[in-house]
Amino acid sequence: MPVSRIPPDSERLVPPNFITEIIDEDLRSGKYDEIVTRFPPEPNGFPHIGHAIASFIDCGIARDYRGRCHLRMDDTNPLTEEMRYVEAIKRDMAWLGWDWGEHFYFASDYYERLYEMAEQLIKEGKAYVDSLSEEEIRAYRGTVEKPGRPSPYRERSVEENLDLFRRMAAGEFEEGAHVLRAKIDMSAPNMKLRDPILYRILRAEHYRTGDRWKVYPMYDFAHPLSDYIEGVTHSLCSSEFIDNRAVYDWLVENLAGKCGLPEWPRPKQIEFGRRSLEYTVVSKRKLIQLVERGLVDGWDDPRLPTLAGLRRRGVRPQALIAFARKVGISRTDRTVDIALLEWAVRDDLNPIAPRVMAVTEPLKLVLSNYPEGKLEELEAPYFPPDVGRPGSRKVPFGRELWVERSDFALEPPKGWKRLTVGGHSRLRHAYVVRIDEAVTNDAGEVVELRGVYLPDTLGKNPEGVRVKGAVHWVAAAGALSAEFRLYDRLFKVPFPDAGEGSFLDHYNPDSLKVLQGYVEPSVAADDPETRYQFERLGYFWRDPELGRGEKPVFNRIITLKDTWKKPKAQKQEARPTAKVGKRAGPEDKVAALAPEAREVYERCRHLGVGEAEALQIARDERLRTYLEDCSAYGPPALAAPWVVHVLGKAIRAGEAKVGPQALMALLAELEKGAFDRRVAKQALEEALARGGDPLELARARAADRLSAEALAELVREVLAAHPDELAAYRAGKRGLMGFFVGRVMRASGGRADPKQVQSVLSQQLDRGSA
RNA sequence: UGGGGCGUCGUCUAAGGGUAGGACAGCGGUCUUUGGAACCGCCGGUCGUGGUUCGAAUCCACGCGCCCCAGCCA
């Protein structure tokens with residue numbers, strides 16, 4: 001039997017997080033031997049970047065633990081699912097690098113077994129056929145604020161339910177005539193528990209099972225049981241399913257050990273926070289609108305966040321994995337800064353993309369002192385020194401060249417480091433040139449540049465001239481015509497969904513720019529898959545659909561980072577929500593108290609109980625009763641903080657394992673100085689957790705305390721072990737006291753009194769600083 | 001105004017009673033035949049209020065804010 005193991009942090013693909021902590025604990029305790037997860041998309045659309053993140057969590061964690069991650073099509077709705085989506089999902093998941101081995105499944109493969117399980121529930125009286133109409137079911141369910149009412153069909157006999165359900169499955173009824181529901185609790189505050197529907201009649205053609213089935217299981221039924229069937233241990237999903245977990249657990253518990261399901265391992269669901277991305281949308285509904293309105297080119301349009309789009313754009317799966325890693329996992333729903341994705345893409349491409357030159361908006365430059373008809377071949381390395389990869393190619397150089405229109409300015413702004421009349425600039429990998437004239441047309445537009453080259457500047461700078469910048473170029477002779485498709489963010493604002501109006505209002509019409517220009521001839525011989533860096537422009541590759549023919553078409557994968565751009569356009573749109581906690585009304589909390597509570601408050605205050613504690617006691621009857629009981633054994637003022645802060649939660653929950661008498665006995669001894677507060681608190685917490693007499697526990701702990709000599713020695717050791725912090729403290733960084741106390745406490749194994757530690761510490765610290 | 005979940009630099013994420021740290025972004029610098037990369041530095045945060053504690057992002061209380069649930073969708 002294969003066994004999972006806890007990976008060292010250094011070997012993890014998925015950074016440690018709250019889920020891996022749970023898994024670590026499950027492995028340590030022996031609850032599970034092998035970690036099995038699953039990635040369960042519904043085949044009703046094309047996978048997108050959200051799927052990349054979710055699969056990273058499911059598959060990445062399984063990989064880290066040497067477990068398995070199944071790929072399962074969650075296909076329980078024949079109305080929306082199609083085989084082409086199944087193929088797309090398999091293709092895209094494989095592209096991301098996930099390997100599910102033979103563990104590729106369909107929920108629809110389990111229809112037979114799921115049906116048996118449904119009958120089992122019926123036989124046990126835990127499920128019933130409801131014959132209410134859809135509207136009636138809705139009405140009976142109640143609302144979030146009002147409990148539901150039981151359906152008149154809820155108490156049908158097992159026999160009748162079984163008969164009805166079998167006839168439903170046999171196709172005797174029309175859609176909507178009946179449904180199968182779990183009998184749980186129609187008045188549950190959790191809406192999901194109000195007798196969730198397990199099966200519905202659908203007279204639809206299923207893309208795999210055809211017309212074999214007339215009833216189809218709902219997600220809430222099929223999902224947990226599919227997990228169970230497959231031996232999934234940790235069923236990871238996003239936070240909107242938190243409420244569904246109650247149904248999940250209900251089904252697992254009620255079917256454990258039945259219908260061929262083992263008693264163990266049982267699956268458990270863990271939810272993580274959803275991630276969304278700025279400047280884009282992923283919902284199928286919205287994507288369809290973009291496609292159907294022709295705002296994008298199809299499901300694989302390079303501007304789309306679909307994996308097909310990202311792939312066509314030229315993004316590599318490694319970049320997506322790196323992105324997912326950086327985003328991380330937590331319980332909180334988050335919207336990720338698009339800059340993080342852009343960084344991941346650049347960081348992936350920088351070390352592998354050969355540098356070549358292309359001109360996307362050509363402006364002719366004629367070098368009047370360069371012989372007509374002459375053509376040189378200049379050697380140019382593919383990579384800059386910092387990348388450190390070998391390789392170079394020949395680049396033709398001649399009298400007529402193309403340069404980037406935006407690299408020339410008639411009236412250069414200050415700080416300009418490019419071409420300008422009278423200025424010198426380097427042609428990348430070639431000569432230094434001086435521009436003498438800008439030829440303009442009637443409209444005043446620059447149509448051609450004229451200048452000279454400085455012959456002795458190959459590999460060295462001329463003396464006495466300031467060379468401003470280095471610009472890319474392509475010799476007119478030999479240049480390859482090419483199309484460049486420059487992609488930008490699909491939307492103009494970071495949160496297209498937020499605010500009034502449609503997300504379509506925020507569509508960025510400049511998200512695609514198609515330019516005709518030139519690229520150096522060397523690329524003709526390259527592998528068409530090559531991702532290039534066109535120097536100073538960005539990362540590009542040939543579009544796999546349009547760009548691999550006679551005339552290359554290049555997609556810009558991502559621009560280079562541009563630190564020249566002056567004040568960057570700020571985010572126009574604030575986050576959709578402002579999260580400013582408003583100040584709560586202060587003393588009127590007391591005023592808001594009911595008269596009786598108010599009286600309790602006053603009485604407590606009179607007895608010397610602090611304001612905050614008195615308020616809490618006045619507000620909670622159980623606390624009040626407890627404290628009153630305490631007063632039989634000692635002063636309430638002494639007990640109040642402990643009752644409120646240490647015992648409060650347990651008392652409110654009605655499960656305080658420490659009674660008033662035991663508490664007061666402990667506090668009395670504490671007052672006498674038999675032990676310190678820390679000991680008392682720890683003893684109390686222990687008694688609360690595991691039972692026992694807090695006073696005895698405290699005495700045991702006190703007896704275990706370090707002697708004064710041992711403590712002094714320990715402090716010396718700790719100070720010696722942290723010379724840097726010691727120096728910093730003596731230089732005035734007083735906040736380090738907490739640091740030292742913490743270290744000593746840890747070193748003592750909790751067997752020291754922090755107050756005492758502090759005094760010993762300050763003695764030793766001050767002695768050294770004198 | 002039912003139940004549930006969640007609040008840490010601009011963004012994402014660590015710290016689980018003991019120096020609030022990292023990354024992305026931003027800013028500045030070094031270097032540069034890419035205004036790239038690399039390197040160095042800076043900036044900047046615990047939702048609020050009170051309490052417990054030697055010490056609170058962490059524990060307690062009360063607020064505030066956001067998200068999810070009333071599909072025979074998943």
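A note on names: the letters A, B, ... follow the listed sequences, proteins ahead of strands, and every chain is numbered from 1.
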Contact class for [X] (heavy atom, under 4.0 Å): base, sugar-phosphate, or nothing?
X        : answer
A:Leu560 : base
A:Glu613 : sugar-phosphate
A:Gly469 : nothing
A:Glu175 : nothing

Taking the six-membered ring for Trp, is the centroid-to-centroid distance between [X] and [Y] below 6.0 Å?
X        : Y        : value
A:Phe534 : A:Tyr539 : no
A:Phe56  : A:Phe39  : no
A:His722 : A:Phe739 : yes
A:Tyr199 : A:Phe165 : yes
A:Trp343 : A:Phe323 : no

Can you tell me how far [atom2] of [N] sits from [atom1] of [X], to the nearest Å?
X        : N     : atom1 : atom2 : result
A:Lys755 : B:C54 : NZ    : P     : 5 Å
A:Arg334 : B:G5  : CZ    : P     : 17 Å
A:Asp333 : B:G4  : CG    : P     : 18 Å
A:Phe56  : B:C12 : CZ    : P     : 17 Å
A:Trp564 : B:U32 : CH2   : C1'   : 17 Å

Within less than 4.0 Å of OP1 or OP2 of [N], is there a side-chain N or O belonging to [X]?
X        : N     : result
A:Lys649 : B:C60 : yes
A:Arg536 : B:G36 : no
A:Ser239 : B:C67 : no
A:Ser330 : B:U13 : yes
A:Arg245 : B:G3  : no
A:Arg200 : B:C73 : yes

Closest to the [X] side chain, choosing from [options]:
X        : options             : value
A:Arg275 : B:C12, B:C60, B:U34 : B:C12
A:Arg355 : B:A14, B:U34, B:G50 : B:U34
A:Asp337 : B:A14, B:U33, B:U11 : B:U11

Table of protein N/O atoms under 3.5 Å from nucleotides 16-22 of chain B N/O atoms:
unit_1 : atom_1 : unit_2   : atom_2 : d
B:G16  : O6     : A:Glu21  : OE1    : 2.8
B:G16  : O6     : A:Glu21  : OE2    : 3.4
B:G17  : O6     : A:Lys681 : NZ     : 3.4
B:G18  : N3     : A:Gly738 : O      : 3.2
B:U19  : O2     : A:Lys733 : NZ     : 3.2
B:U19  : O4     : A:Glu725 : OE2    : 2.6

**Q.** base_contact_polar (B:G36 base, A:Asp386 side chain, donor-acceptor, <3.5 Å)
**A.**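 Per atom types, the contact qualifies.
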Q | Note, A:Ser238 side chain near A:Arg275 side chain (heavy atom, < 4.5 Å) | A |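 Counting from C-beta outward, A:Ser238 and A:Arg275 never come under 4.5 Å.
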**Q.** Heavy-atom side-chain proximity of A:Met357 to A:Trp473 below 4.5 angstrom
**A.**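 They are in contact (side-chain heavy atoms under 4.5 Å apart), so the answer is yes.
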**Q.** Side chains of A:Ser239 and A:Asp333, donor plus acceptor under 3.5 Å
**A.**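 On atom types as modelled, these side chains qualify, holding a pair under 3.5 Å.
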Q | Residue that, paired with A:Glu535, satisfies salt bridge (charged side-chain N to carboxylate O under 4.0 Å, His left out) out of A:Arg428, A:Arg355, A:Arg426 | A |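 Of the listed residues A:Arg428, A:Arg355, A:Arg426, the salt bridge (charged side-chain N to carboxylate O under 4.0 Å, His left out) partner of A:Glu535 is A:Arg428.
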Q. In dot-bracket notation, what is the pairing pattern of RNA chain B, taking Watson-Crick (N1-N3 plus N6-O4 or O6-N4) and G-U wobble (N1-O2 and O6-N3) contacts under 3.5 Å, with [ ] crossing and | for other strands?
A. .((((((..((((....[..)))).(((((.......)))))....(((((..]....))))))))))).....
Q. About how many Å separate CG of A:Asn17 and CZ of A:Arg12, when rounded to the nearest 0.5 Å?
A.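 Output value for this atom pair is 8.0 Å.
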Q: Using the P atoms only, state how far B:U30 lies from B:G10, rounded to an integer number of Å.
A: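 About 29 Å, rounded to a whole number of Å.
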Q: If the plane angle is over 60° it's perpendicular, under 30° parallel, otherwise tilted; pick one for A:Tyr248 and A:His223.
A: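 Ring orientation of A:Tyr248 relative to A:His223: tilted.
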Any protein N or O atoms within reach of nucleotides 69-71 of chain B? Criterion: under 3.5 Å, listing atom names and distances.
unit_1 : atom_1 : unit_2   : atom_2 : d
B:G71  : OP2    : A:Arg138 : NH1    : 3.3

